[in-house]
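Here, residue 1 is the first one in the sequence, and each next residue gets the next number.
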Amino acid sequence: MGLRQRWGWLTTAVALVLAVVVVIVMGQGSGQQTASQSGPSTTTTNPGPLTPAGQATPAGPTPTLPAPSGAQPAWMHKLRPGEKPPQFILFSFDGGASGAHWSRVLPIAERTGAKVTAMLSGLYLIPDRESKEYTGPGHPTGTSEIGFGGSDADITSRVEYLNRALADGMEFGTHYNGHFCQGVEPSVGSWSTAGWNSELDQFFSYLREIDGKGLKITPDMIKGGRTPCLEGNWDQLFPSMKSHGFVYDTSHVSFGVTWPTVDRGLWEFPLPEVRVPALDKNVVMMDFNFWYLLDGAKEGDDARAPEFTPIVLDTYRSVYQSVFNGNRAPMVIANHFNDWAGGAFSGAVEQFMGETCDKPETVCATYSQVIQWLQLQDPAVLDSLRGLPAAHN
Ligand SMILES: [Zn+2]
């Protein structure tokens with residue numbers, strides 16, 4: 001069973017979610033945006049439970065990471081008066097387990113100096129024959145929406161390419177395990193803190209187990225994650241994340257590109273909802289959401305890659321221009337390692353990385369690097385950055 005087949009299952013699951021759930025994403029969570037902000041018509045997505053408009057969630061204490069050790073890049077410093085922040089771009093890849101994708105991303109990263117983050121799906125760390133080691137909260141033992149890690153040979157090669165990515169300075173977070181989105185109940189949006197604790201305990205047990213096979217990614221390196229389909233009840237999830245040593249989440253949605261905030265004790269890096277210039281429609285800037293907008297995430301549309309890639313690439317370029325010339329908020333680009341629509345979305349993100357990460361005043365960094373940069377800044381400076389209008393393309 002190949003990864004391609006498993007992504008097929010994932011596609012079906014997510015399509016179901018998007019087909020049955022229509023949620024307006026503006027104002028989600030932050031209480032800073034309101035639905036009165038107008039824009040082109042919005043496509044469907046599911047950012048998880050919405051916080052009622054105007055009801056801000058408590059920030060809680062700001063979590064910290066140890067200061068970076070060793071030689072640091074020149075941009076890792078406290079802003080001087082009047083100095084603009086670097087334009088951070090956070091590339092992140094959910095699942096994280098594809099040698100073919102890493103073999104394309106790592107050379108681009110090496111050439112441009114980019115660092116990226118992969119959100120590992122824990123089940124790709126155990127072979128299919130050990131599927132009984134997983135019990136998703138409320139689900140039968142050995143079931144998953146994205147399959148398991150394949151053969152022992154698959155695991156062996158995975159250890160090798162993940163170690164290579166780690167050695168190249170890439171970061172790893174979690175995309176959790178079973179990928180149970182709305183429609184496959186009990187889905188992650190209904191899980192209690194106890195359920196999330198079970199999910200994360202199992203994730204870390206796989207990470208410890210594969211350690212015996214030579215993987216150099218250790219549990220203490222995992223500092224954050226992205227939930228399946230961006231779903232979850234944050235009041236239930238965040239306590240579990242914090243008790244597992246996490247300092248950030250990147251599952252929320254913002255209208256336009258906004259600065260990270262501290263939400264209930266975690267750094268929150270929201271995915272922006274942006275405009276797709278070619279279609280004059282809005283989309284949450286994630287690969288699947290583009291695909292759903294373009295043709296309803298249709299299987300068998302591989303021939304349309306030459307049509308889709310420029311539309312997505314043009315969107316990235318336009319968002320980058322707006323944010324670079326605007327509030328300079330970190331730009332979160334969230335993709336999966338996938339071959340949807342003939343690789344249209346992987347092609348767009350790889351091309352954008354290659355042409356952008358070595359531009360002046362632009363830094364393609366991991367989540368932990370950006371958090372370490374944020375920690376160096378005067379809190380009043382961060383407050384003023386957060387007070388700038390969201391960047392809209
Ligand atoms: Zn996913």
Side-chain angles (χ1 to χ4, degrees), residues 10 13 48-49 60-61 63-65 92-97 117-126 130-149 158 162 166 171-182 184-212 215-252 263-269 334 336 366-368 371:
L10 171 60
T64 54
L65 285 174
S92 51
F93 299 98
D94 293 351
T117 306
M119 303 296 174
L120 287 174
S121 292
L123 300 183
Y124 294 158
L125 303 179
I126 57 172
E130 290 177 10
S131 63
K132 290 279 185 278
E133 288 191 17
Y134 176 59
T135 305
H139 292 269
T141 292
T143 61
S144 147
E145 284 297 294
I146 55 170
F148 292 84
R158 192 155 303 136
L162 291 177
L166 182 70
E171 176 171 347
F172 292 88
T174 182
H175 196 40
Y176 304 88
N177 302 318
H179 214 288
F180 298 109
C181 296
Q182 191 159 356
V184 185
E185 303 302 331
S187 61
V188 296
S190 67
W191 289 359
S192 64
T193 301
W196 284 108
N197 282 341
S198 165
E199 182 81 346
L200 279 174
D201 288 347
Q202 293 183 84
F203 175 88
F204 283 110
S205 77
Y206 309 141
L207 205 52
R208 277 190 294 271
E209 180 186 313
I210 198 175
D211 187 36
L215 187 72
K216 296 197 168 71
I217 303 167
T218 52
D220 59 299
M221 294 177 186
I222 308 293
K223 293 297 180 190
R226 179 174 297 117
T227 61
C229 305
L230 311 181
E231 294 173 13
N233 179 335
W234 318 127
D235 284 331
Q236 296 295 322
L237 170 59
F238 279 23
S240 175
M241 294 176 76
K242 285 189 283 188
S243 72
H244 285 81
F246 288 9
V247 297
Y248 73 89
D249 172 73
T250 180
S251 311
H252 293 194
D263 180 349
R264 287 160 277 199
L266 290 174
W267 283 103
E268 178 60 47
F269 291 78
H336 292 77
T366 68
Y367 284 87
S368 288
I371 290 169

| said: As a quick check of understanding, evaluate side chain to side chain contact (heavy atoms under 4.5 Å, CB included) for E199 and W191, giving each step before the final call. | reply: CA-CA 10 Å; E199 182 81 346; W191 289 359; 3.6 Å; yes
| task | Evaluate side chain to side chain contact (heavy atoms under 4.5 Å, CB included) for F93 paired with T117, printing each intermediate quantity in order. | result | CA-CA 6 Å; F93 299 98; T117 306; over 6 Å; no
| CA sep, side-chain torsions, deciding dist, call: L215, L162, side chain to side chain contact (heavy atoms under 4.5 Å, CB included) | CA-CA 7 Å; L215 187 72; L162 291 177; 3.7 Å; yes
| field | Test log, rule side-chain hydrogen bond (donor to acceptor under 3.5 Å, both in side chains), inputs T141 and T135 | value | CA-CA 4 Å; T141 292; T135 305; 2.8 Å; yes
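Between the CD atom of E171 and the OG atom of S92 there is a distance of 10.0 Å, given to the nearest 0.5 Å. Note that CD of E133 and CG of L123 are 10.5 Å apart. Values are rounded to the nearest 0.5 Å. The OG atom of S243 lies 7.5 Å from the CG atom of L200; values are rounded to the nearest 0.5 Å. In this structure, the separation between CG on L120 and CG on D94 is 10.0 Å, given to the nearest 0.5 Å. The distance from the NZ atom of K223 to the CG atom of L65 is 6.5 Å, given to the nearest 0.5 Å.
Y206 is listed as a side-chain neighbour of N177, based on a closest heavy-atom distance under 4.5 Å. Counting heavy atoms from C-beta outward, S251 and W234 have side chains that approach closer than 4.5 Å. The side-chain heavy atoms of R158 and Y124, taken from C-beta on, include a pair separated by under 4.5 Å. The side-chain heavy atoms of F180 and P228, taken from C-beta on, include no pair separated by under 4.5 Å. Looking at heavy atoms from C-beta onward, H139 lies in side-chain contact with V184 at the 4.5 angstrom threshold. With contacts defined as side-chain heavy-atom distances shorter than 4.5 Å, the pair Y248/I371 qualifies. At least one side-chain heavy atom of I217 sits less than 4.5 Å from a side-chain heavy atom of I222.
Side-chain contact annotation: S187 with Q182, donor-acceptor N/O pair under 3.5 Å absent. Side-chain atoms of S144 and Y134 include no donor-acceptor pair closer than 3.5 Å. A side-chain donor from one of S198 and Q202 sits under 3.5 Å from a side-chain acceptor of the other. Neither side chain, Q236 nor S192, offers a donor N or O lying under 3.5 Å from an acceptor on the other.
Centroid-to-centroid, the aromatic rings of W196 and H244 stay 6.0 Å apart or farther.
Proximity of a side-chain donor or acceptor of K242 to a complementary backbone N or O of R264 within less than 3.5 Å is detected.
Among all heavy-atom pairs drawn from P219 and R208, the shortest one is CG-CG, 3.8 Å.
Each of F269, W267, F238 was evaluated against H252; a single residue qualifies, F238, per the ring-ring contact (aromatic ring centres under 6.0 Å, His included) test.
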